[in-house]
Amino acid sequence: MVEVSDKLEEEEKELPPLPNLEKWSKIIMRLAPFPSGPLHIGNARMVILNDYYVKRYDGELILVFDDTIGSEEKVVEPDAYDLIPEGLDYLDVKCHRTIYKSDRLDLFYKYAVDLIERREAYVCDCDAEVWRTKHKLEMKACPCSFLSVEDNLARWERMLDGSYPERSAAVRLMTGMTDPDPAMRDHVILRISDAEHPRVGAKYRVWPLLEYSWGIDDHELGISHIIRGKDLVKEGKIEQHIWNIYGWPHSELMYYGRIRFQDAKLSKSKSRKEVLDGVYSGWDDPRTWSLQSLEKRGIHPDALRKAMLDLGLSVVDISMSMKPVYSENRKIRDEQSPRLFLVLDPVWLSISGLPTSVTEVEAPVHPDFPERGVRKIPLNVKKGAVSLGVSSTDFQRIDEGEVFRLKDLANFTMRKKKAPSALFYSLDVDDVRRISGPIIHWVPEKESIPIELVMIDGHEVEGVAEPSAKGLKQGTFLQFERVGFGKVFEDDPKIRVAFSHK
RNA sequence: GCCCCGGUAGUGUAGCCCGGCCCAGCAUCUAGGGUUUUCGACCCUAUGACCCGGGUUCGAAUCCCGGCCGGGGCACCA
């Protein structure tokens, strides 16, 4: 027994300590994604929770690609082997080891033989449907379970050597046919699949099921604590059954409920199809809700982390909004985000009557930090007249004759009757403040920069940004005043920005 | 049909194991105000919850029973 010091103290949100710490000399946990695509926001809870405790207890985190053969609906996507670590990197999660389930088949075979020899498992060649109705539901033992060890081992060999076609035989663990829970009755732990595996090809045709492979591996890898979704509680029970057979110490099992995001519909299979078909721009398309897509949008990993940790370890299924994540992201990012004017769907106003003294506007890079300087917006006024763009929604909102302010510039009277235009009214901000008139953002027609904004739903909208947007560099997180936050993900030939949130 | 699990403000969460400090804390959302030449950040204020019914107890969000509602499992998927 080693003293496991609890390093966390005055952290704002403290999760409960891990159970039975004293039983483990070291905290070892694991991340076990099935590599079917990049990690997405729905997987973030699993990752962050495990990482949180490993860091808190100075433990070890193992990345285990749970890449067994899967099923027709669940197939290994080779790109995922790179996309998953990429997502972990973004979340600042460090894995101390990386392991591939597909490298460990021999180990699972070894234990399969041992379990058969101990009469804890048997090879069943019943039809799955028959087995379910005649045996499982009626709680009647399967005739295969009475076969001798020798017969079972012979059957096992036939599974391996190809004599048994796919689905014609499987290894069942003798958990007991009289268990009140039908889910627990002699569950299949290994089965045949002739599918090709992206990493090991056709080397193996007998593959373990999740609950079995983990029953072995959680022990083999010395996993002390397991935090996983509650859809895996049955699997946990089967693991415990295996641990009991061998008298192994039980890893501590913890479950959390499922999260649904109100503003995000997650479907890895749909994403995969759309990415492959080119409908989505790639695995970082906002509609995939992949970790990559969140990074592209400039969602700070700490914002995600905080939101996930705030959920705690509740086992209740929840439906949460992205709002808390966005709120946290604004808090983190606001201070560092330069301001800029971007006008979507511009309406060009013919401005007239501008005093000759007004030739250029200076607006703060950040209103809370004047020392960061100003952005210069040249006007190119010709005889007191100039064309300035405002967003169409603002234009529609302001009535004929109403006084409004173009932020950092001056106050104007709206003229709509013939053509969109505005007449200079005054310079002083207070004039418009007194009447609570609108203060809106704008861009000059000359020298402004076209910008493409990729929205969260994948749609792209064209906009025009003020001249100082010229030379914006990829990776810059910024705020378009009154439009929202975003991150530049392309700067050549065109500036393209991923919209983050309001 | 069988087996688990759970129900605290709109949303999420703390408290429940070891009943009183909870006329229930926090975050987000919403509304209003302050600051600000942004619908951002920051500061302040307000509204808003213990699923229902019994029981135990001096005292229950916390313990017990029943009900209702919700989620998950019963795959040769993970």
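In what follows, chains are A, B, ... by sequence order, proteins preceding strands, each numbered from 1. What you see below is based on every heavy atom in this structure, not just the backbone, and it leaves out hydrogens, waters and symmetry mates. Just so it is clear, the model here is predicted, and its values are computed rather than measured.
Within 4.0 Å of A:Val315, counting heavy atoms only, lie sugar-phosphate atoms of the nucleic acid but no base atom.
Between A:Lys331 and the phosphate of B:U28, there is a side-chain N or O to OP1/OP2 separation shorter than 4.0 Å. Taking side-chain N and O atoms only, A:Ser319 has no distance below 4.0 Å to OP1 or OP2 of B:U11. Contact between the side-chain N/O atoms of A:Thr68 and the OP1/OP2 oxygens of B:A78 is found at a separation under 4.0 Å. The phosphate of B:U30 (OP1 or OP2) has no side-chain N or O of A:Lys323 nearer than 4.0 angstrom. Dashed line: the shortest gap from a side-chain N or O of A:Arg330 to OP1 or OP2 of B:G40 is not under 4.0 Å.
The interatomic distance linking A:Glu235 (CD) with B:C77 (C1') rounds to 10 Å, in whole Å.
Pairing for B:C58 goes to B:G20, judged as Watson-Crick or G-U wobble with the two contacts each under 3.5 Å. In this structure, B:C26 and B:G12 make a Watson-Crick or G-U wobble pair, each of the two defining distances being under 3.5 angstrom. Remark: B:U38 base-pairs with no nucleotide in the shown strands. Criterion, Watson-Crick or G-U wobble with two distances under 3.5 Å. Across every strand in view, B:G6 sits in a pair with B:C69 that passes the Watson-Crick or G-U test at under 3.5 angstrom. With a 3.5 Å ceiling on both atom-pair distances, the Watson-Crick or G-U wobble partner of B:A31 is B:U45.
Rounded to the nearest Å, the gap between the P atom of B:G72 and that of B:U47 is 37 Å. Of the C1' atoms belonging to B:C64 and B:G1, the separation is 29 Å, rounded to the nearest Å. Straight-line distance between the P atoms of B:A61 and B:C21: roughly 9 Å, to the nearest whole Å.
Applying the 3.5 Å distance criterion, the base of B:G40 shares a donor-acceptor pair with the side chain of A:Arg339. You won't find any donor-acceptor pair under 3.5 Å spanning the side chain of A:Gln479 and the base of B:A41, going by distance alone.
Distance from the side chain of A:Arg191 is smallest for B:C76 among the nucleotides B:C3, B:C76, B:G12. Which of B:U37, B:C76, B:G72 sits closest to the side chain of A:Leu209 comes down to B:C76. Ranking B:C77, B:G12, B:U13 by closeness to the A:Ser314 side chain, first place goes to B:U13. Listed nucleotides: B:A78, B:U36, B:C5. Nearest to the side chain of A:Lys234: B:A78. Minimum atom distance to the side chain of A:Asp231 is reached by B:A78, of the listed B:G40, B:A78, B:G6. Between B:G73, B:C77, B:U28, one nucleotide has an atom nearer to the side chain of A:Asp181 than all others, and that is B:G73. Of the candidate nucleotides B:A78, B:G72, B:A75, B:A78 has the atom nearest to the side chain of A:Leu210. Across B:A78, B:G73, B:U37, the shortest atom-to-atom separation from the side chain of A:Pro182 is found for B:G73.
Aromatic ring orientation, A:Tyr100 versus A:Tyr81: tilted (interplanar angle from 30° to 60°).
Using modelled atom types and a 3.5 Å distance limit, the side chains of A:His250 and A:Asn244 yield a donor-acceptor pair. Side chains of A:Asp161 and A:Ser163: a donor on one and an acceptor on the other come within 3.5 Å. Between the side chains of A:Asp218 and A:Ser251, no donor-acceptor pair of N or O atoms lies under 3.5 Å.
For the pair A:Leu409 and A:Leu313, nearest-nucleotide mapping onto RNA chain B gives the more 5' position to A:Leu313. Residue-to-nucleotide proximity on RNA chain B shows that, of A:Asp368 and A:Pro180, the 5′-proximal contact is made by A:Pro180.
Using a 4.5 Å cut-off on side-chain heavy atoms (C-beta onward), A:Val361 and A:Phe341 make no contact.
Between the NE2 atom in A:His501 and the CG atom in A:Asp263 there is a gap of 12.5 Å [rounded to 0.5 Å].
We find that A:Lys23 and A:Glu252 are joined by a salt bridge, their nearest charged nitrogen and carboxylate oxygen being less than 4.0 Å apart.
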